[in-house]
> 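I am attaching a structure below and will ask some questions about it afterwards.
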Amino acid sequence: MTNDSTFDVIVIGGGTGGYSTALRASALGLTVLLAERDEVGGTCLHRGCIPSKAMLHAAELVDGIAEARERWGVRASVESVDWSALTATRDDIVSRNHKGVEGHLEHAGVHVARSGARLTGPRSVRTEDGREFTATRGIVLATGSRPRTLPGLEPDGHTVVTSDDALFAPGLPGSVLVLGGGAIGVEYASFHRSMGAEVTLVEAADRLVPLEDADVSRHLARGLKKRGIDVLTGARLEGAERLTSGGVRATVRTARGELREIGAERLLVAVGRLPVTDGLDLATAGLVTDERGFVAPADWARLETAVPGIHVVGDLLPPPSLGLAHASFAEGLLVAETLAGVASVPVDYAAVPRVTYSAPQTAAVGLTEAQAREAAYDVVVNTMPLTAVAKGMVHGQGGTVKVVAERGGRVLGVHLVGPHVSEMISESQLIVGWEAEPGDVARHVHPHPTLSEAVGEAFLSLAGRGLHQQ
């Protein structure tokens, strides 16, 4: 730290939204203070996106060995999973990414205060160690979110866990009850099943990943059930207790109204996340949260609050922000450029891709079919099974491509389910974001043989040029 107490920009929170704001602002010539009481990188780097995807990659390897044996005649088997080696690899990946972020901040000249901070006014903050700082251009709130918990079932890091600590609990349980069928719950259910656990997945809504297209939910549920995961949708937790002998016992009311007792070694609570504003002293600067705890911007084009000069990025934002790390990167760039006086394009949340890294994976961008119809579009839909193309047959895991378009007009949404679709969604982001029409996409040739051919075929079919219409 320097002794200078005045900066152009002060960022409170060093997660993806915070550090992206700091890096971009510094690159534009602004002086930046980044205050973070924990380690920079936030939930995504240390407890969420990166460690979970590292573990899901390991799960994919385990599943691949089973496929090699059962489908391809490769006489291989998994003797056991060395949990300590697995977690050591995960931790090494996290550590190297953390060092990379730290290095980028240092190289960019961002001043990092290893401390939390609270507002003392619309342009000033005080860090937890008592230092006072002033921002000449603005303050950015980027304090992120924390998992929701259940009353009476506080996480203990072993028997009852949240998405923040599930991968850091000791060892692999033999059975897991996952509460919450959104992206996080589905991913953790998928991981534990790959690692041999008996898994029950409970979702209160009538389908998994309820914010996604209904056909995506249906294909995902089918794939998870095929893997042996007990999927209960339209079900609600009536009660749960820790057992003195270890594990938990829960009572769930099913969609049919029946009460079902479920025992498991571990209960994983994945019922959403809450914005973190504790200790920010928002009122001191004239700010209030909405009824859900979010800090809503008065100007979404600038992500600026009702208090001029105070901006918000990341999980503190209410919908239509998505609570996704890659969305917060875009928000950070927007706010940094706004504070630097550089023209910047507002975040188009409809064109931000959404991915669930389970087996099967889901990936989507744009409107669901239901959303498009609710918006009064004259909708045309086309679906294409991944097995309609040769590479889909090679993978042999099924899956589908669904395109939602305006009749005679632009593409409104693209929805994928199947293997590796997280790596296939980027072209659809461009298609939706640039408001392309099916005929525009159909002119472009997809490589053969690839899974992405199914995306190309879906658009060829919509344009009346399809080779493999179903």
> Check whether any side-chain N or O of E337 sits under 3.5 Å from a backbone N or O of S344 as a donor-acceptor pair, and report yes or no.
no
> Would you find more than 12 non-hydrogen atoms of other residues, nucleotides or ligands less than 6.0 Å from W83 atom CH2?
yes
> Any idea how Y349 and W300 line up, ring-wise: parallel (<30°), tilted (30 to 60°), or perpendicular (>60°)?
perpendicular
> For the backbone of E203 and the side chain of R236, can you confirm whether one donor and one acceptor N or O come within less than 3.5 Å of each other?
no
> With distance as the sole test, does S194 use its side chain to make a donor-acceptor pair with the main-chain N or O of S190 at under 3.5 Å?
yes
> Tell me which one of V313, V276, L303, I12 satisfies side-chain contact (heavy atoms from CB on, under 4.5 Å) with L141.
I12
> Go through the steps for F329 and L23 under the test side-chain contact (heavy atoms from CB on, under 4.5 Å), then give the verdict.
CA-CA 11 Å; F329 281 130; L23 288 171; over 6 Å; no
> Taking only residues two or more places apart in sequence or in another chain, which ones pass ring-ring contact (aromatic ring centres under 6.0 Å, His included) with H98?
H46
> Can we say R227 and D63 salt-bridge, meaning some charged N sits less than 4.0 Å from an Asp/Glu carboxylate O?
yes
> Drop me the distance from L34's CG to F7's CZ, to the nearest 0.5 angstrom.
10.5 Å
> For E132, does the CD atom have more than 12 heavy-atom neighbours from other residues, nucleotides or ligands under 6.0 Å away?
yes
> Verify whether one side chain among E212 and S217 offers a donor that lies under 3.5 Å from an acceptor in the other.
no
> If only side-chain N and O atoms count, and only distance matters, is there a donor-acceptor pair under 3.5 Å linking D8 with T136?
yes
> Assess the side chains of T284 and R118: does a donor N or O sit below 3.5 Å from an acceptor N or O?
no
> Looking at E238 and V252, would you say the former's side chain and the latter's main chain have a donor-acceptor pair under 3.5 Å?
no
> Minimum heavy-atom separation for L316 to A142, with atom names?
CD1-N, 4.3 Å
> Just checking, any donor-acceptor pair under 3.5 angstrom between side chains of S163 and R47?
no
> Just jot down the side-chain contact (heavy atoms from CB on, under 4.5 Å) partners of T289, sequence neighbours excluded, or say none.
T277, L282, V295
> Say whether, by atom type as modelled, one donor and one acceptor occur between the side chain of H415 and the main chain of L367 under 3.5 angstrom.
yes
> Would you say CD of E423 has more than 12 non-hydrogen atoms from neighbouring residues, nucleotides or ligands within 6.0 angstrom?
no
> Are D215 and R207 close enough for a salt bridge, meaning some N to O gap below 4.0 Å?
no
> Under the salt bridge (Lys or Arg N to Asp or Glu O under 4.0 Å) definition, can you give me all pairs with a residue in residues 169-195, not counting sequence neighbours?
K53-E187, R193-E198
> Kindly say whether A22 contributes a backbone atom to a donor-acceptor pair with the side chain of S26 at under 3.5 angstrom?
no
> For V269, does its backbone N or O pair with a side-chain atom of T162 as donor and acceptor, under 3.5 Å?
no
> Using modelled atom types and a 3.5 Å cut-off, is there a donor and acceptor pairing between side-chain atoms of S328 and backbone atoms of A325?
yes
> Among L177, L237, V178, which residue satisfies the side-chain contact (heavy atoms from CB on, under 4.5 Å) criterion with V202?
L177
> Please lay out, stage by stage, how K402 and E369 fare under the test side-chain contact (heavy atoms from CB on, under 4.5 Å).
CA-CA 9 Å; K402 178 176 181 177; E369 181 181 350; 2.7 Å; yes
> Roughly how far apart are I262 CD1 and D230 CG, rounded to 0.5 Å?
6.5 Å
> Are T127 and D129 linked by a side-chain donor-acceptor pair shorter than 3.5 Å?
yes
> Examine distances only and state if a side-chain atom of D82 and a backbone atom of A85 form a donor-acceptor pair shorter than 3.5 Å.
yes
> With no hydrogens and no angle check, do the side chains of D213 and T368 hold a donor and an acceptor under 3.5 Å apart?
no
> Taking atom CD1 of I184 and atom SG of C49, what is their separation to the nearest 0.5 Å?
8.5 Å
> Where the side chain of Q361 meets the backbone of G418, is there a donor-acceptor pair that is under 3.5 Å apart?
no
> Report yes or no: do S358 and T356 form a side-chain donor-acceptor pair below 3.5 Å?
no
